[in-house]
Amino acid sequence: MPHIDGHELGILTTLAGLYSVTTATLGKGWVKSFIHKQPVAAFSVVLGTVGICMPIVIVPIRRKLGFPTNQYDAGAPGTVYPKFAV
């Protein structure tokens with residue numbers, strides 16, 4: 001079961017809100033039209049969306065692999081902190 005806290009929930013609701021407002025403003029079929037008329041801008045939006053969604057995907061993978069996740073969930077139980085060589 002993925003752990004979704006306030007940050008991940010904020011990201012998901014922001015993306016959903018942006019999509020719904022854009023659909024309400026531009027009408028049905030705006031995605032196909034946008035990709036067809038402006039492919040460079042559409043690819044930029046895709047890259048931006050991938051970048052925004054990375055914390056939702058990468059952090060659980062880091063947890064499973066046992067890598068440090070203290071930057072994302074410092075207060076959560078079982079958080080792995082980095083080990084520094086002295």
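Residue numbers count from 1 along this sequence. Quantities reported herein were computed from a predicted structural model and do not represent experimental measurements. Heavy atoms only: backbone and side chains are in, while hydrogens, waters and symmetry mates are out.
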Enquirer: Among Leu15, Thr14, Leu18, which residue satisfies the side chain to side chain contact (heavy atoms under 4.5 Å, CB included) criterion with Ile52?
Expert: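 Going through the options one by one, the only one that passes is Leu15.
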Enquirer: Taking side-chain contact (heavy atoms from CB on, under 4.5 Å) as the definition, give me every residue that meets it alongside Phe43, ordered by chain and number, with sequence neighbours left out.
Expert: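 Only Leu47 meet the side-chain contact (heavy atoms from CB on, under 4.5 Å) criterion with Phe43.
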Enquirer: When you measure from the side chain of Arg63 to the backbone N and O of Thr69, does any donor-acceptor pair fall under 3.5 Å?
Expert: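 Flag not set: sc Arg63 to bb Thr69 has no pair under 3.5 Å.
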Enquirer: Would Phe34 and Val45 satisfy side-chain contact (heavy atoms from CB on, under 4.5 Å), going step by step from the backbone distance to the final call?
Expert: CA-CA 10 Å; Phe34 180 57; Val45 169; 4.0 Å; yes
Enquirer: Taking side-chain contact (heavy atoms from CB on, under 4.5 Å) as the test, write out the residues that go with Tyr81, two or more places apart.
Expert: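 Asn70, Ala74, Thr79.
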Enquirer: Which pairs pass side chain to side chain donor-acceptor pair (under 3.5 Å) with one or both residues in residues 30-53, sequence neighbours excluded?
Expert: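 For residues 30-53: Thr23-Trp30.
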Enquirer: Please walk me through it: do Phe67 and Ile58 pass side-chain contact (heavy atoms from CB on, under 4.5 Å)?
Expert: CA-CA 11 Å; Phe67 291 148; Ile58 299 297; over 6 Å; no
Enquirer: Please name the pair of heavy atoms, one in Pro60 and one in Pro55, separated by the smallest distance, quoted to 0.1 Å.
Expert: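 Closest approach of Pro60 to Pro55, heavy atoms only: CD-O, 4.2 Å.
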Enquirer: For the hydrophobic clusters of this structure (ILVMFWY residues joined by side-chain heavy atoms under 4.5 Å, transitively), does one cluster hold both Leu26 and Ile35?
Expert: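 The answer is yes; both residues are in one hydrophobic cluster.
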